[in-house]
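Step one of this worksheet: look at the structure below.
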Protein chains: 2
Amino acid sequence: MFSMATIRDVAKQAGVSVATVSRVLNSNGYVNNETKKKVDEAIRQLNYKPNAVARSLYKKTSKTIGLIVPDIVNPFFPELARAVEDTAHKKGYNVFFCNTDENVEKEEHYLEILLQKYVDGVIVASNTLTAEKVKELNIPVVSIDRKITAEIPTVVVKNKEGAQKATSYLKEIGCERIAHLRGPHHIDNANERADGYLEEVGSAPWFQSSYIADGNYVMKTAIQATVELLERHPEIDGIFAANDVMAIGAVKAAHRIGKMVPEELAIIGFDGISMAEATTPELTTIAQPIYDMGTAVTDLLVKLIEKKPVERTFLELKVELIERESTRKQNNNKGGREHGAKDHSSRQY
Amino acid sequence: MFSMATIRDVAKQAGVSVATVSRVLNSNGYVNNETKKKVDEAIRQLNYKPNAVARSLYKKTSKTIGLIVPDIVNPFFPELARAVEDTAHKKGYNVFFCNTDENVEKEEHYLEILLQKYVDGVIVASNTLTAEKVKELNIPVVSIDRKITAEIPTVVVKNKEGAQKATSYLKEIGCERIAHLRGPHHIDNANERADGYLEEVGSAPWFQSSYIADGNYVMKTAIQATVELLERHPEIDGIFAANDVMAIGAVKAAHRIGKMVPEELAIIGFDGISMAEATTPELTTIAQPIYDMGTAVTDLLVKLIEKKPVERTFLELKVELIERESTRKQNNNKGGREHGAKDHSSRQY
DNA sequence: ATACTGTGTGTAACCGGTTACACATCAGAA
DNA sequence: TTCTGATGTGTAACCGGTTACACACAGTAT
């Protein structure tokens, strides 16, 4: 067993001081060209790699960020995590990966560990954190998908606008009784999406609040809720589900009851997760630019870390309607504009 | 802006030496109970948190591991990553998260960075790494899902056995012409699964090699391959796809052609990804114990890191047939035994 | 001749922990 | 009484980088 070469080994090998080696490594200060060659040669010979931990200790920065998500298994987060990691890597940062299950203690525990490990900043996808906690961390924290407070930089999407887009699209294709399968009341984006729905149909003559069913963003309960909804209101011919997972549940419920999708019932989701393409019929949805959100939030964090100027600390990204098979226009029946090919969509298992 | 308290601040505050504080922190060596109280009080007053970087530098260990996957977006990996992170966290380790897209240079680059950051070990899900490269890292490396070489500890599943199980299950429910949608030739598990299929039907009188179609583990090409397969051999009444994503593609192809699943064509996949439950009909599959694999591989790695004894360095886990709707028994028609409820299946978005 | 600036290099302190070693005290054994 | 071992604490070296500072020497301006 042998141990890694240190900067002192390199210095000895090259016949110079450690300061000079350090200067060569970081290309700062003055170094004679001949000296530099000797040092480079010594580095090559010893296969020297500088020790990032020692560097971190002195510089008080680790070129590392933390990514805190509720659960990577939740289909929204893999693409987000991918974008964060890609962007961080491009900028020279590594990412620590943490799952909190929306559990406050777990989250605070992770933050403490990350802080002790000198992370330069943290990306949080969670709603349990308080502004106070964040402030005492003394490092940049940005939030994705959930607003925490006005002080914390955030990247979200236009949830209300997207919900309006979804609902008005259902109207447009001829739906006359449109229901909403909403998300949990304690999650902001669920409320915003419900607001968007109400904005479009809340004052329609047929509307009643019983057209809104409570879901909690998971498939199983969405199936049950949809079955009850359709039993309560058999006249429903369109459902806007607040996320894709529930929309998939709604499709299953319709199938179970024997309602044809989209002929008798149009269903539209929200999120644009890849699972929505696995269903039959494939799901029409309001797609969030998940990858772009990850890129944007990471860019923002890195700028804050490196104290570069940032234009805005609150980004509200646009969503996009993707027409697939779970809805069909009354008049024309074309497949509809899809997403542009994503640069990372061709990967294989 | 204020800076973090150090061990020397604590020592001063408590009126003791840094060694004593360190002893209290790590509960080793002798410390008088009264002294310990003073130190604890000083720690509390200053809200002192030990600096993990400084500790790493001296101890040459960071309580950090690397997780290298091809692409977290690939539906197999989120659950694996979750298991790895859960297990690592439980044992006091943080995980660096890296996506390589099966790209050798990217992979080697990540390994180099991880090494410089003093990671204690690495989990690799990849087939591009050579044993030589791994050896010169001088830290424990374990492999998941892919065998690299005999020397590198590995956790895989019984692919051939699973494939046989899938194929014989199709025979059992009455299929008489069973095709195989295989994975890429350069991936071991694809070859093992093809072997398992051949073992079951390779010597059947009806068998021809044209019953095997090349797929590359992605949905789009699987759809095309299935369409061609069914045009070539309309008599096919069962398809074993080498992964779930291709099986979903096969379901779509059947739907497109107008073949009823499972009535006219039974389809079975492999992997047990959650997406397989989103389809209509829901997919019968050979489920890998993905979460367990992640737990096992992390346990193994941590044991190697901590130089604890390990029983075996090659684990081949069992797979399990999950009957759902895309296949149906000729005789009895019961829903079939599902997975036990996974402890992490109830999370919400 | 003097001062000044740019180039090139080395010494040693520093980052914030851990621990080897030295030393002191005290109880119980020989 | 002396020896031994357990208890308790402090000093300083160490981990492997970075950099402030000192210094030396050249070339050029005054």
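Note that the structure is predicted; figures quoted are calculated from it, not measured. Letters A, B, ... are given to chains in the order of the sequence lines, protein chains preceding strands, and every chain is numbered from 1. Reckoned from all heavy atoms, side chains included, excluding hydrogens, waters and symmetry mates.
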Under 3.5 Å between N/O atoms: give me all the protein pairs with nucleotides 4-7 of chain D, atom names plus distance.
{"from": "dT7(D)", "atom 1": "OP2", "to": "Y30(B)", "atom 2": "OH", "distance (Å)": "2.3"}

Looking at every heavy atom in both P78(A) and N74(A), which two are closest together, and how far apart are they?
CD-O, 3.1 Å
Could you check whether K36(A) pairs with D40(A) (Lys NZ or Arg NE/NH1/NH2 to Asp/Glu carboxylate O, under 4.0 Å)?
yes
Strand-adjacent residues in residues 22-29 of chain B, judged by heavy atoms under 4.0 Å from DNA chain D:
R23(B)
Looking only at side-chain atoms of T20(A), point me to the closest of dT9(C), dT11(D), dC15(D).
dT9(C)
Atom-pair distance (OH on Y118(A); P on dG16(D)), nearest Å
18 Å
Atom of V95(B), atom of A88(B) and distance for their closest heavy-atom approach:
CG1-CB, 3.9 Å
What is the minimum heavy-atom distance between L129(A) and I148(A), and which atoms define it?
O-CG2, 3.2 Å
Verdict with reasoning, Y110(B) to N99(B), per side chain to side chain donor-acceptor pair (under 3.5 Å):
CA-CA 9 Å; Y110(B) 269 117; N99(B) 296 275; 5.8 Å; no
Charged N to carboxylate O below 4.0 Å: is that the case for R82(B) and D101(A)?
yes
Mind calculating the distance between NZ (K117(A)) and C1' (dG17(C)) to the nearest angstrom?
15 Å
List the steps and the verdict of side chain to side chain donor-acceptor pair (under 3.5 Å) for Y118(B) and N51(A).
CA-CA 8 Å; Y118(B) 261 40; N51(A) 180 325; 2.8 Å; yes
Out of dT18(D), dG17(C), dC15(D), minimum distance to the side chain of I7(B) belongs to dG17(C)
Candidate list V157(A), T298(A), L315(A), test side chain to side chain contact (heavy atoms under 4.5 Å, CB included), partner M293(A), passing option:
V157(A)
With five pairs defining each end axis, the helix from dA1(C)-dT30(D) to dA30(C)-dT1(D) comes out bent, to 10°, by 60°
Rounded to the Å, how far apart are D9(B) CG and dC15(C) P?
11 Å
Is there a side chain to side chain donor-acceptor pair (under 3.5 Å) between N94(B) and T64(B)? Walk through the geometry before answering.
CA-CA 5 Å; N94(B) 284 106; T64(B) 298; 5.2 Å; no
Which residues in residues 49-58 of chain B have a heavy atom closer than 4.0 Å to any atom of DNA chain D?
L57(B), Y58(B)
Could you check S17(A) against T6(B) and say which one's nearest nucleotide on DNA chain C is further toward the 5' end?
S17(A)
Report the nucleotide, chosen from dG8(C), dG17(D), dA12(D), that has the shortest atom-to-atom distance to any side-chain atom of V18(B).
dA12(D)
Are F96(B) and F97(A) an aromatic pair, judged by ring center distance below 6.0 Å?
no
Of all residues at least two apart in sequence or in a different chain, which pass the salt bridge (Lys or Arg N to Asp or Glu O under 4.0 Å) check with E105(B)?
none
With K147(A) via salt bridge (Lys or Arg N to Asp or Glu O under 4.0 Å) - residues at least two apart:
E192(A)
Would you confirm whether D120(B), through its side chain, and I65(B), through its main-chain N or O, come within 3.5 Å as a donor-acceptor pair?
no
Between atom CG in N32(A) and atom P in dT9(C), what is the gap in whole Å?
5 Å
Does K36(A) make a side-chain N or O approach to OP1 or OP2 of dG8(C) shorter than 4.0 Å?
no
Round to the nearest Å and state the distance from K59(B) atom NZ to dG16(C) atom C1'.
14 Å
How long is the line joining NZ of K63(B) and P of dT18(C), in whole Å?
13 Å
Integer-rounded Å distance: dG17(D) C1' and L115(B) CG
16 Å
To the nearest angstrom, the CZ-P distance between R8(B) and dT11(D) comes to 12 Å
Among K91(A), R312(A), K308(A), whose salt bridge (charged side-chain N to carboxylate O under 4.0 Å, His left out) with D299(A) holds?
K91(A)
